[in-house]
Structure formats: structure tokens, C-alpha cells
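All values reported here derive from a predicted model rather than from experimental measurement.
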Amino acid sequence: MSDRPSKKLKMDSEAEKVAEAAEEHLKQHPHPVPTKQPYVAHDDGEFKDWIKHQTTAEQAQKLEDGPNNAFTGNKFSQKYFDILKVRRDLPVFAQRQQFLDIFQNTQIMVFVGETGSGKTTQIPQFVLYDDMPHLAGTQVACTQPRRVAAMSVAKRVADELDVELGEEVGYSIRFENKTSPKTILKYMTDGMLLREAMDDHNLSRYSCIILDEAHERTLATDILMGLLKQVSIRRPDLKIIIMSATLDAEKFQSYFNDAPLLAVPGRTHPVEIYYTPEYQRDYLDAAIRTVLQIHATEPEGDVLLFLTGEEEIEDACRKISLEGDELVREQNCGPIKVYPLYGSLPPNQQQRIFEPAPEGANGKPGRKVIVSTNIAETSLTIDGIVYVVDPGFSKQKVYNPRIRVESLLVSPISKASAQQRAGRAGRTRPGKCFRLYTEEAFKKELIEQSYPEILRSNLASTVLELKKLGIDDLVHFDFMDPPAPETMMRALEELNYLQCLSDEGDLTALGRTASQFPLDPMLACVLIGSPAFQCSEEILTIVALLSVPNVFVRPASARKRADEAKMAFAHSDGDHLTLLNVFEAFNSEEAMQHGLHQWCRDNFLSYRSLTSARSVRAQLRRIMEKHDLDLVSPGYDDPDYWTLVRKALAAGFFMQVAKKKSGNKGYLTVKDNQDVLIHPSTVLAAENEWVIYNEFVLTSTNYIRTVTNVKPDWLVELAPKYYNLDHFGDGDVKLSLKRIIERVETMNKQKEKKDKKKKSKSS
DNA sequence: GAGCACTGC
């Protein structure tokens with residue numbers, strides 16, 4: 001264990017630096033944007049002298065002190081006062097007046113607060129006491145990138161304001177709207193606010209919009225920022241607050257026309273950072289050794305190790321457990337308990353990470369080790385972590401516009417991520433972070449921030465959303481980070497082939513309908529087209545299943561049995577049809593009587609995915625009804641049942657087609673000419689000439705996954721524009737298509753002739 | 001013959 005991390009550095013207090021910079025900035029940019037509106041709402045009582053956007057921190061505090069709740073008129077409870085005491089101890093509280101000074105004098109501001117500052121819970125309340133939205137019938141919105149956060153923060157703030165959750169304070173997320181006409185503060189996902197903006201371009205019900213966790217740069221937050229920048233001009237009365245963790249604050253400021261900044265320090269314990277003296281070739285091995293070393297030599301405290309994916313994590317857990325037991329036997333170390341943590345882990349196993357560490361022995365501490373993906377970096381916080389081991393990698397989504405493929409790639413993390421990971425060690429007491437790379441690499445090789453999602457994604461659905469938001473000129477849309485032109489072109493092209501956009505780039509009726517569905521445009525189009533094939537009920541099921549995580553479970557210990565279980569649902573014409581069979585079975589009387597959980601376990605299916613598919617399906621079905629799209633099924637008795645479903649799929653998936661290579665065993669994707677193999681998980685036998693696929697999986701080999709057999713005649717008939725051979729490169733695919741198109745044309749002509757004859761005969 | 005990191009509508 002010679003290359004134990006050795007170099008030692010103190011983590012900088014970023015907050016102090018940012019606060020100084022902010023003060024300096026304020027001196028230079030006083031921002032006299034006049035949005036003050038003298039406005040007296042009530043003349044009956046306590047708000048008689050209150051003027052919108054002129055409250056002082058002192059006045060607000062007086063209102064908070066009670067005895068009556070300013071928003072409900074009710075008498076405050078004892079619990080309220082207990083919580084109030086804790087709140088007044090938060091770092092943000094000390095800067096309430098400073099916040100109000102900026103907030104009242106400017107339309108857009110940037111607020112920076114580290115973890116533990118209390119920004120997410122307190123800032124919206126500061127706004128409430130200054131804005132009094134209940135008097136004007138407006139609302140304050142605060143967005144979060146994740147659903148659980150929106151829910152749990154709303155619950156907390158409802159308690160802090162001494163109101164019932166869902167009344168004055170509520171939340172709005174997919175599948176659940178917990179708000180009422182009384183709601184004045186609404187926590188919501190960023191995606192949900194974006195949906196609202198599609199129907200109300202001015203977001204007119206809000207007097208203030210707070211974008212929280214803006215540094216995460218989710219697709220939805222990025223679009224909202226561009227949108228709010230425009231809305232702010234049309235609505236000078238709308239206040240906007242961009243909230244972020246420390247880094248990148250200047251970028252937000254300059255994007256929003258040099259908006260003023262307020263920074264508040266967080267409340268975390270110091271974390272000592274250690275680097276390795278040299279580059280680690282095998283980071284997995286180095287990580288395992290570091291964890292064991294911590295266990296053998298460091299005082300009490302739990303360990304968090306960041307790795308990239310499920311397989312790696314399970315592998316590391318096994319090795320750490322084995323070697324940890326050896327340490328117990330040979331060096332009298334305390335017991336060690338290792339837990340994996342990743343998104344696809346069943347919830348009850350995820351919960352196990354909160355079990356207490358094992359008791360120590362022989363005067364040596366027992367220890368809990370959690371081996372996790374990035375889920376522990378942002379989504380899940382675990383108290384009691386004192387040691388973090390950071391190899392410096394994570395799986396990140398990348399998009400290749402040339403072949404229109406999104407894939408996951410193990411890549412170095414950013415400085416911001418590294419800092420976030422280190423911070424996980426200092427939540428309850430001072431901690432240590434072991435970085436398995438050199439300090440040199442940290443400084444010179446890691447980028448400051450991860451690339452925002454908008455630069456790493458297929459933008460088909462984003463472009464459709466923007467069009468629906470009324471933004472016609474996408475080229476000049478003011479993105480904070482403009483996506484690559486090729487990515488935009490690909491998206492526009494794809495939407496044009498789907499007939500969601502006209503040749504002029506305008507939204508078509510189909511496009512307008514498609515934008516209403518929370519789906520990838522291609523899936524939305526399959527769904528909208530399905531009534532024409534009399535099978536919208538079937539397509540609803542398939543589309544829902546395609547938009548949730550994989551329903552098939554394949555544990556390493558029972559691969560063969562899992563595969564056999566899957567074959568019981570198999571349909572010889574493909575994986576899409578197999579999904580349909582699975583869902584039918586899941587909804588059967590038999591499964592119900594068996595108990596759905598048990599039934600899923602017995603059949604190696606994911607209960608979580610299937611129930612979530614059920615909610616998605618119900619939501620999609622409601623949207624279909626709302627748009628008068630027929631809900632129909634051919635019924636099992638129809639001899640064309642499966643053919644109709646396959647045709648309906650082909651009508652939307654015509655851009656994701658592969659043709660078998662002649663003589664060879666592989667396939668070639670149509671138009672992009674990529675060599676691919678059908679993923680081994682398919683139920684499809686090998687002899688199909690033409691297949692549609694749901695997904696292109698880019699690994700050591702290229703696979704297409706979730707594949708169904710189709711007839712090429714359907715493709716050329718359903719999407720003549722896409723199958724215009726002038727746009728195809730020469731080769732096997734083009735030749736075959738040419739023959740098919742000729743055949744189809746002759747057949748159509750013959751049919752026409754026959755029809756004409758019939759007509760003239762009958763008349 | 002086997003790569004679904006993590007979110008969101």
C-alpha cells in the first residue's frame with residue numbers, strides 16, 4: 001500500500017470569496033430598476049400600512065412573531081414558534097435585510113448559497129412577506145430539478161409557516177398536484193413549470209419565480225432561463241431569482257444583464273482533501289485499497305465510495321466485504337458492512353444504507369461503507385459520512401448528432417462535482433476526502449463544470465417544446481449555452497419527417513398535439529397515429545412501457561431462470577409485442593390473485609417499472625381523450641391484431657430501421673449505415689430482413705435493443721418522404737429499397753385499375 | 001450472447 005494518498009490541502013471557503021466578489025459587484029452595479037409598486041390591498045386591519053416591495057426585515061419579523069399568521073389570520077401554534085427559533089439560526093437569516101434591499105430594487109437577482117444555508121426553505125418565505133401574494137391573487141413558484149425535493153421541501157415549509165400542506169403552501173409534480181386556490185407558495189419541478197409555460201407564455205399567475213439549483217443546468221432549467229429572460233421584458237412586474245450553489249454565479253449574472261448577486265455562506269464542516277502522488281491506472285483497485293486502508297487506520301466514521309455503475313459497484317462490494325473480513329481476522333479490525341447504492345436498486349435495498357454502522361470490537365471501530373453512483377452526489381444525502389473516496393469518474397450522457405445516438409460514457413468528473421463529492425464528508429462533523437488522482441490532474445485536467453445537459457442531448461423534444469412556447473426563431477434564441485448547430489438541425493429534420501413541423505419550420509396541427517404528450521416526439525407520433533390502425537389501446541401500453549426503465553429483471557445469480565421467465569411472454573414477431581404480453585399478464589386476474597409483488601418476483605419483472613408504466617399509461621390515455629383521439633382495440637379475435645400493432649409502430653419508428661446484411665450475420669441501420677447487432681436480450685429469431693428498433697446501444701459493440709420485425713412495404717408507404725431514395729447513399733439498402741418501392745408502385749397501380757373497373761361495372 | 005449514471009413532463 002505504498003501509494004496511499006498523501007498530499008494534504010484545506011478545502012477553500014468558496015463562499016467567502018464569492019461574497020466579497022458580490023459586494024464589489026454591487027458597488028459597481030447599483031441596479032436601480034424601478035419595479036416598486038405602491039399598492040395597498042386591504043383597508044381592514046393589519047396590512048393597512050403595508051406597501052408591496054417596501055417591507056423591511058424588521059417589519060417582516062414582527063409579522064412572523066405573531067401572534068397571528070399573516071397569511072391565514074390563525075393563531076400560531078407552539079410548534080411554529082419552536083421551528084421559528086431554529087430558522088432564525090440559519091445563515092440566510094442574518095442577511096434578510098440585504099436580500100430585501102436587492103430584491104426590492106431589481107427585477108432579476110442571483111442568489112448563491114451553499115448546502116446548509118437554508119436558501120431553499122427561507123428565501124421563498126422572505127419573498128412571501130414582501131410580496132403578500134394572497135392579497136393580489138398571485139403565486140410564488142420555486143422550482144426543483146427533482147420530484148422528491150419539491151415534495152419534501154414543500155412539506156417542511158408548510159410546517160414552518162404553520163399551514164396545512166396543499167393549502168397556502170403546496171407542490172406540483174407529475175402525477176400529483178397538491179395545491180389549492182389558496183396556494184401562495186408552490187414548489188414544483190422545473191419540467192412542470194415548463195409545461196405550464198406552454199399554455200401560458202407569460203406565466204401570468206406568478207408574481208415571483210425562483211429557479212433553485214440552477215447550477216445543475218438541467219434541460220428544463222436552461223429553457224426556463226431563456227424563457228424568463230424574454231418574459232421579464234414583457235412583464236416588468238415579474239420578479240425572478242436564480243439560486244445556485246457557489247460556482248458559476250458570474251455566468252448567471254452576466255446572462256441576466258449583470259443581475260446583482262447575494263451570497264450566503266453554508267454551514268458545513270471542514271473537509272481535508274488528499275490527493276494521490278501519482279496517476280492511478282486501475283482506479284477500481286485503488287479505490288478498494290483506499291477503503292480498506294481507511295478501515296484499518298482511521299478513527300470511527302462511515303465511508304462513501306463513488307463508482308460509475310451497477311456492475312462495478314456490485315463487484316467492488318464483494319471484494320471489499322471479502323477483504324474486510326480478512327482484516328477482521330488478521331488485524332483485529334472492527335466489523336465492516338458494505339452497501340451498494342444505485343438507482344435501479346429496489347427501494348427497500350436503497351433504504352438499507354440508513355442502517356447504523358456495526359458495533360466496534362477490540363477497541364476498533366465498526367464501519368459502514370456505501371458504494372454508490374452519482375445518486376449520492378445530488379439526490380440522496382446520507383448523514384454520518386466522514387470519509388469520501390473519489391476516483392473522479394462518472395457515467396455521463398453524450399449525444400452524437402451525426403448518427404443521432406445518445407449514449408452513456410464513463411468520463412472524468414468536473415471540479416464542481418469533485419467539490420460536491422468532498423462536501424459529502426462534512427455534513428455532520430469534520431471529514432476527509434481521498435481523491436484518487438493527482439492534485440495536478442485536478443487543477444489542470446478537470447473542467448470547471450460539467451457540460452449542461454442541453455449540450456449533451458437529442459433536442460427533438462426540446463425544439464418541439466420551444467415551438468409550442470411560441471419561439472419561432474430558434475437560431476436567435478438566447479440560450480445560456482447554445483447547442484451545436486448540427487444538433488439543432490438534426491432535431492428540426494427529425495420533427496419535419498415526423499410532420500410535427502412544416503417544411504417552413506412551423507408547428508403543424510400534429511406537432512401541436514404531439515407537444516401535449518410528455519413523450520419523445522417519435523413516441524408521441526406513434527400514439528397519435530395509432531387510432532388509424534385501430535390499436536390505440538395496445539400502443540398506449542407499448543409507449544408507456546418504452547418510457548419507463550426496463551421491466552425485465554436479470555440478477556447475476558439467476559440469469560438463466562430470468563431468461564426462461566421472459567420467454568413465457570415472448571412473441572415471435574418482436575420485443576415490442578412481448579412488452580404488450582407482459583403488461584396484459586401484469587393486469588390479469590391471475591397476477592392479481594397471486595399478489596402483484598410476488599407475481600413480479602416469480603416472473604423476474606420489475607414491480608416498480610410496471611406500476612410506473614401503469615400511471616404513465618393512464619396519464620397518456622387522459623391526454624388522448626382530451627384531444628378526441630379514439631381509444632380503440634382490434635380485439636384478440638381479429639386475425640390482423642398483431643399486424644396492426646406492428647404497422648402502427650412502423651408508422652412512427654420509420655427512422656429507426658435496420659436491414660439484415662446479405663450473407664453476414666449483422667445488420668445495417670437504414671440511412672446512417674451503422675453496423676449493428678441485435679441485442680442478445682431480444683426474443684426475435686434471427687431471420688428477419690427488416691426490423692424497427694427502439695434504442696441504439698453504444699458499447700464495445702453496437703447493439704440495437706427492443707426490436708420488432710416489420711415489412712419494408714409498410715415503411716415506404718407510411719413515410720414516402722423519408723424513403724425518398726435521392727437521400728440515400730449507394731449500397732445494399734438502397735438497392736433493396738428500390739425494388740420494394742417499384743413493387744409497391746406496381747401493386748398500387750394494379751389495385752387502382754381494379755378499383756376503377758369495379759367502379760365502372762357497378763355504375 | 002448481455003453498459004439502465006441521474007433526472008423530468
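- Taking side-chain N and O atoms only, A/Arg705 has no distance below 4.0 Å to OP1 or OP2 of B/dA2.
- Across A/Arg421, A/Gln420, A/Arg424, a single residue satisfies side chain to side chain donor-acceptor pair (under 3.5 Å) together with A/Glu377, and that is A/Arg421.
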Sequence neighbours excluded and cut-off under 3.5 Å, please list the side-chain donor-acceptor pairs for residues 185-199 of chain A, or say none.
residue: A/Lys186; atom: NZ; partner: A/Glu196; partner atom: OE2; Å: 3.0
residue: A/Lys186; atom: NZ; partner: A/Tyr206; partner atom: OH; Å: 3.0
residue: A/Tyr187; atom: OH; partner: A/Thr120; partner atom: O; Å: 2.8
residue: A/Thr189; atom: OG1; partner: A/Met192; partner atom: N; Å: 3.4
residue: A/Asp190; atom: OD2; partner: A/Thr218; partner atom: OG1; Å: 2.6
residue: A/Asp190; atom: OD2; partner: A/Thr221; partner atom: OG1; Å: 3.0
residue: A/Arg195; atom: NH1; partner: A/Ser515; partner atom: O; Å: 3.0
residue: A/Arg195; atom: NH1; partner: A/Gln516; partner atom: O; Å: 3.4
residue: A/Glu196; atom: OE1; partner: A/Tyr206; partner atom: OH; Å: 2.5
residue: A/Glu196; atom: OE2; partner: A/Tyr206; partner atom: OH; Å: 3.4

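- The separation between A/Asn702 atom CG and B/dA2 atom P is 14 Å, rounded to whole Å.
- Remark: P of B/dC9 and CZ of A/Phe175 are 8 Å apart, rounded to the nearest angstrom.
- In this structure, the side chain of A/Asp200 engages the main chain of A/Asn202 through a donor-acceptor pair within 3.5 Å.
- One finds a side-chain N or O of A/Thr189 lying less than 4.0 angstrom from the OP1 or OP2 phosphate oxygen of B/dC9.
- Here A/Arg601 pairs with nothing under the salt bridge (Lys or Arg N to Asp or Glu O under 4.0 Å) rule; sequence neighbours left out.
- To the nearest angstrom, P of B/dC6 lies 8 Å from CD1 of A/Ile313.
- Partners of A/Asp481 by salt bridge (Lys or Arg N to Asp or Glu O under 4.0 Å), not counting sequence neighbours, listed by chain and number: A/Arg217, A/Lys251.
- Counting only heavy atoms from C-beta on, A/Arg195 has its side chain closest to B/dC9 among B/dC9, B/dA5, B/dA2.
- When each of B/dC9, B/dC6, B/dA2 is scored by its nearest atom to the side-chain atoms of A/Ile375, the top-ranked nucleotide is B/dC6.
- Taking for each of A/Gln619 and A/Thr373 the nucleotide of DNA chain B with the nearest heavy atom, the 5'-most of the two is the partner of A/Thr373.
- Atom CD1 of A/Ile173 and atom P of B/dT7 are 13 Å apart (whole Å).
- Between the P atom of B/dA2 and the CD1 atom of A/Ile678 lies a distance of 15 Å, rounded to the nearest Å.
- Between the CG atom of A/Leu307 and the P atom of B/dA5 there is a distance of 12 Å, rounded to whole Å.
- No hydrogens or angles were tested; on distance alone, nothing pairs the side chain of A/Arg559 with the base of B/dA2 as donor and acceptor under 3.5 Å.
- Nucleic acid contact for A/Arg146: sugar-phosphate only, since backbone atoms but no base atoms lie under 4.0 Å from a heavy atom of the residue.
- By the side-chain hydrogen bond (donor to acceptor under 3.5 Å, both in side chains) test, A/Ser606 is found to be paired with A/Ser609, residues two or more places apart in sequence or in another chain being considered.
- When each of A/Ser681 and A/Leu341 is assigned the nucleotide of DNA chain B with its nearest heavy atom, A/Ser681 is the one assigned upstream, toward the 5' end.
- Note on A/Phe517: nothing from the nucleic acid sits closer than 4.0 angstrom, heavy atoms only.
- With hydrogens and angles ignored, the 3.5 Å screen pairs a side-chain donor or acceptor of A/Thr290 with a backbone N or O of A/Ala286.
- Using a 4.0 Å heavy-atom distance criterion, A/Glu465 is classed as making no nucleic acid contact.
- Computed from coordinates, the A/Asp315 CG to B/dA2 P distance equals 17 Å when rounded to whole Å.
- Checked against B/dA2, B/dA5, B/dC9, the side chain of A/Leu408 finds its nearest nucleotide in B/dA5.
- A/Asp520 comes within 4.0 angstrom of nothing in the nucleic acid, heavy atoms only.
- Residue pairs satisfying the salt bridge (charged side-chain N to carboxylate O under 4.0 Å, His left out) criterion with at least one member in residues 603-616 of chain A, sequence neighbours excluded, are absent.
- Of the residues in residues 392-402 of chain A, A/Lys395, A/Lys397 come within less than 4.0 Å of DNA chain B through at least one heavy atom, sorted by number.
- If you measure from atom CG of A/Leu211 to atom P of B/dT7, you get 21 Å, rounded to the nearest angstrom.
- Out of B/dA2, B/dG8, B/dC6, the shortest distance to the side chain of A/Tyr703 is found at B/dA2.
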